[in-house]
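Have a look at the structure below before the remarks.
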Amino acid sequence: MKQDLKIGIIGGGFSGLCAAIQVKKQLGLDVEIIDKDTDFGGTWHANTYPGCACDIPSHVYSFSFELNPYWSRYQSPRQEICAYLRSVAAKYGLYQRTRFNTEVIAAHWIESDQLWKVTVRKAFWSAQGATYGETEELYYNVLFGAVGPLMVPNKPKMFDTFQGKVIHTAKWDNSIDMKNKRVAVIGSGASAIQAIPELAKEAKTLYSYQRRPAWVGPQVGDYYSQRTKTLFSWFPILMRLYRFLIFVILDRNVKIFNKPDEYNEIARQRFTAYMTKTLTSLNRKDLIEKLVPDYPVGCKRIAYSRIYLEGIARENVYVERSPIAAIKSNSIVTENGEEREIDVLVLATGFITQDYMGPLQIYGQNGLSLKKYWAENGFPKTYKTVTVNQFPNLFVILGPGSGLGHNSVVIMAECQVTYAVDCIRKMMKKNVKSINVKAERAEEFSNTLDKELSSTVWSRNCMSWYQNAMGKVTLLWSRSVTEFWWTTRSANLNDYEQVKAVKQS
Ligand SMILES: Cc1cc2nc3c(=O)[nH]c(=O)nc-3n(C[C@H](O)[C@H](O)[C@H](O)COP(=O)(O)OP(=O)(O)OC[C@H]3O[C@@H](n4cnc5c(N)ncnc54)[C@H](O)[C@@H]3O)c2cc1C
């Protein structure tokens with residue numbers, strides 16, 4: 001088939017792979033994927049800390065078009081997720097379509113040519129990080145920005161004064177030996193929850209510094225038996241039903257987040273009961289006051305973990321809630337006057353989440369910077385979370401407005417890709433060269449989303465990485481995934497200004 005459109009995809013994680021596969025499957029077009037890393041996997045390639053796993057059930061945290069009967073666990077470890085993504089990429093021939101070790105520095109929309117000019121440079125990775133080669137320019141009619149929401153590790157400056165080993169969970173160094181060390185873990189988010197039980201097994205002493213502990217809920221399942229895996233592989237319909245059931249249960253939970261007045265108190269009672277019962281059964285009643293949060297459930301990401309409370313209840317683990325007052329060369333001092341000597345400092349301090357696209361600069365019509373445009377507006381404006389006014393033929397996957405607290409973002413990425421592919425299909429059918437979402441459509445969509453988010457639990461008495469400096473929740477979708485699917489199920493090109501292609505005679 002004659003390929004009229006050149007399609008570039010930045011990113012080889014769940015989002016980029018999904019876009020590449022659906023463009024190929026549904027439109028019969030080839031794509032080019034560009035990824036700065038050495039292989040597919042994205043988040044799951046980059047994060048290698050002990051205990052790293054998804055916290056949403058694997059059967060929904062995977063592609064609907066590539067179900068995997070062989071997930072070993074309810075929440076599978078990163079190695080398995082990476083292996084899954086790589087096998088999917090190989091199945092669709094995407095290794096041959098990908099430039100690895102290639103970082104996109106900038107993308108410029110060239111109005112006169114109706115093209116994206118993408119500037120890349122080769123990245124050479126070593127233990128010290130990356131060094132870079134010459135830049136090169138690539139051109140695409142359509143560009144997917146699938147660079148991931150969690151990319152740049154957040155490393156607060158205050159820890160620079162520590163002279164011992166410092167390691168961030170997102171840049172793990174497996175050569176650091178934790179055996180018999182005094183380890184401090186800073187943070188209480190998803191990475192800390194997963195790393196603490198593993199590190200505590202090795203460390204002599206583990207100090208967990210928690211400003212705001214996480215709400216912890218029960219993990220429903222654990223390992224799948226061989227019999228279940230065989231049943232799923234022989235009768236995929238069973239696996240599909242199982243996945244659907246999990247999806248429905250998770251999606252109903254959205255009301256804890258977006259109808260906090262009605263449902264949050266019920267959730268608080270349930271989570272409090274679970275945490276209290278578990279800590280009591282572990283003979284650590286003393287931890288109840290320290291670990292049961294005082295903010296609404298869901299404000300920060302909820303941890304569904306079987307082993308976290310067991311890990312933190314170990315004799316060699318100490319929970320410190322007093323804020324950190326100073327970091328000395330080999331110790332941490334807290335406001336209650338405690339000073340503890342530390343050998344290894346683990347920063348489980350998450351990511352810089354409001355600087356969308358990380359160092360990548362995207363310039364739309366008249367050289368408008370996407371970063372600046374999103375930052376200046378207070379709330380990053382998009383249409384249906386996928387397209388952006390003045391950035392023609394750009395499709396953003398898992399950018400602002402599409403994160404979740406209650407379900408799998410892989411399904412969100414699939415919905416966004418469905419919408420983008422429908423746009424491209426209609427462009428091809430109508431001989432349209434570029435589409436630019438009308439300003440009023442984006443305005444209306446973003447204002448509604450902003451307003452809805454302001455009455456969710458994420459906007460209540462809590463500080464989280466979902467919010468920007470103005471306290472606005474920008475990362476998340478406000479409703480259920482089912483409603484997102486409905487919103488993105490098809491595209492209407494009347495929502496877009498269109499530039500028609502000149503017909504070749
Ligand atoms: C530890 C951890 C656990 C998580 N667990 C869950 C979970 O259980 N459930 C859930 O829903 N979400 C979870 N998430 C969120 C997770 O980020 C998403 O689920 C998902 O992996 C995002 O996929 P992505 O493809 O959009 O981005 P990523 O996986 O981040 O992939 C982006 C890719 O883009 C590449 N890239 C970025 N910038 C450039 C550039 N300038 N040039 C070239 N390439 C570039 C990167 O190298 C990367 O390969 C978790 C995140 C982390 C960090």
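Note that the structure is predicted; figures quoted are calculated from it, not measured. Along the sequence shown, the residues carry numbers beginning at 1.
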Quiz item: Which residue pairs pass the side chain to side chain donor-acceptor pair (under 3.5 Å) test with at least one member in residues 267-278, sequence neighbours excluded?
Solution: Glu265-Gln269

Non-hydrogen atoms of [X] and [Y] that approach each other most closely:
X	Y	result
Tyr466	Gly298	CE1-O, 4.5 Å
Ser72	Lys229	CA-NZ, 4.4 Å
Glu66	Lys91	OE2-NZ, 2.7 Å
Ser191	Thr169	CB-OG1, 3.7 Å
Val473	Leu453	O-CD1, 3.4 Å
Val409	Leu398	O-CD2, 3.7 Å

Distance from [X] atom [atom1] to [Y] atom [atom2], nearest 0.5 Å?
X	Y	atom1	atom2	result
Tyr308	Ile312	OH	CD1	3.5 Å
Tyr304	Asp55	OH	CG	9.5 Å
Leu347	Thr349	CG	OG1	4.5 Å
Leu493	Asp422	CG	CG	8.0 Å
Leu143	Ile7	CG	CD1	10.0 Å
Gln26	Thr418	CD	OG1	6.0 Å

If we count only N and O atoms by modelled type, under 3.5 Å, do the side chains of [X] and [Y] hold a donor and an acceptor together?
X	Y	result
Gln416	Thr385	yes
Ser64	Glu414	yes
Lys300	Ser188	yes
Asn253	His406	no
Lys122	Thr102	yes
Ser225	Thr228	yes

Compute the ring centroids of [X] and [Y], then answer whether they are less than 6.0 Å apart.
X	Y	value
Phe395	Tyr419	no
Tyr224	Tyr70	no
Phe484	Trp477	yes
His59	Tyr242	yes

Exercise. Under the side chain to side chain contact (heavy atoms under 4.5 Å, CB included) rule, what do Val297 and Val457 come out as? Steps first, then yes or no, please.
Key: CA-CA 8 Å; Val297 175; Val457 74; over 6 Å; no

Practice problem: Begin from the C-alpha positions of Lys179 and Asp343 and carry the test salt bridge (Lys or Arg N to Asp or Glu O under 4.0 Å) through to its verdict. | Solution: CA-CA 11 Å; Lys179 263 199 195 96; Asp343 303 308; over 6 Å; no

Inspect the surroundings of [atom1] in [X] and state if more than 12 heavy atoms from other residues, nucleotides or ligands are less than 6.0 Å away.
X	atom1	answer
Glu289	CD	no
Trp125	CH2	yes
Lys25	NZ	yes
Phe244	CZ	no

N/O donor-acceptor pair under 3.5 Å between [X] side chain and [Y] backbone:
X	Y	answer
Ser58	Ser76	yes
His168	Asn154	yes
Arg460	Cys299	no
Asn393	Asn141	yes
Ser408	Val60	yes
Lys24	Tyr92	yes
Gln219	Arg306	yes
Asn264	Ile256	yes
Arg97	Val31	yes
Asp173	Ile167	no

Self-check item: Among Trp44, Tyr74, Phe247, ring-ring contact (aromatic ring centres under 6.0 Å, His included) partner for Tyr61
Solution: Trp44

Practice problem: Indicate yes or no: does Glu452 engage Arg479 in a salt bridge with an N to O separation below 4.0 Å. | Solution: yes

Quiz item: Salt-bridged, Asp35 to Arg99, with N to O below 4.0 Å?
Solution: no

Quiz item: Going by heavy atoms in the side chains, are Asn101 and Lys36 under 4.5 Å from each other?
Solution: no

Practice problem: Would you indicate whether the side-chain heavy atoms of Met412 and Cys415 approach each other to under 4.5 Å? | Solution: no

Self-check item: Ser62: partners by side-chain contact (heavy atoms from CB on, under 4.5 Å), with sequence neighbours left out
Solution: Trp71, Tyr84, Arg243

Quiz item: Got a sec, which residues hit side-chain contact (heavy atoms from CB on, under 4.5 Å) with Gln79, two or more places apart in sequence or on another chain?
Solution: Pro77

Exercise. For side chain to side chain contact (heavy atoms under 4.5 Å, CB included), just list the numbers for Val346 and Tyr209, CA-CA rounded to whole Å, side-chain angles, deciding distance to a tenth of an Å, and then say yes or no.
Key: CA-CA 10 Å; Val346 175; Tyr209 289 86; over 6 Å; no

Exercise. Look at the rings of Phe63 and Phe65 and say which category their plane angle falls in: under 30° parallel, 30 to 60° tilted, over 60° perpendicular.
Key: parallel

Quiz item: Can you list the steps and then say if Thr382 with Thr387 is a side chain to side chain contact (heavy atoms under 4.5 Å, CB included)?
Solution: CA-CA 6 Å; Thr382 64; Thr387 52; over 6 Å; no

Quiz item: Do Ile342 and Val183 pass the side chain to side chain contact (heavy atoms under 4.5 Å, CB included) test, and can you show the C-alpha distance, the side-chain angles, and the key distance before you say yes or no?
Solution: CA-CA 6 Å; Ile342 305 295; Val183 177; over 6 Å; no

Quiz item: Are Lys290 and Asp286 close enough, and set up right, to give a salt bridge (Lys or Arg N to Asp or Glu O under 4.0 Å), and what steps lead you there?
Solution: CA-CA 8 Å; Lys290 279 186 169 172; Asp286 58 305; over 6 Å; no

Quiz item: When you look at Glu103 and Arg121, which way does the salt bridge (Lys or Arg N to Asp or Glu O under 4.0 Å) test go after all the steps?
Solution: CA-CA 5 Å; Glu103 184 184 1; Arg121 62 181 178 181; 3.2 Å; yes

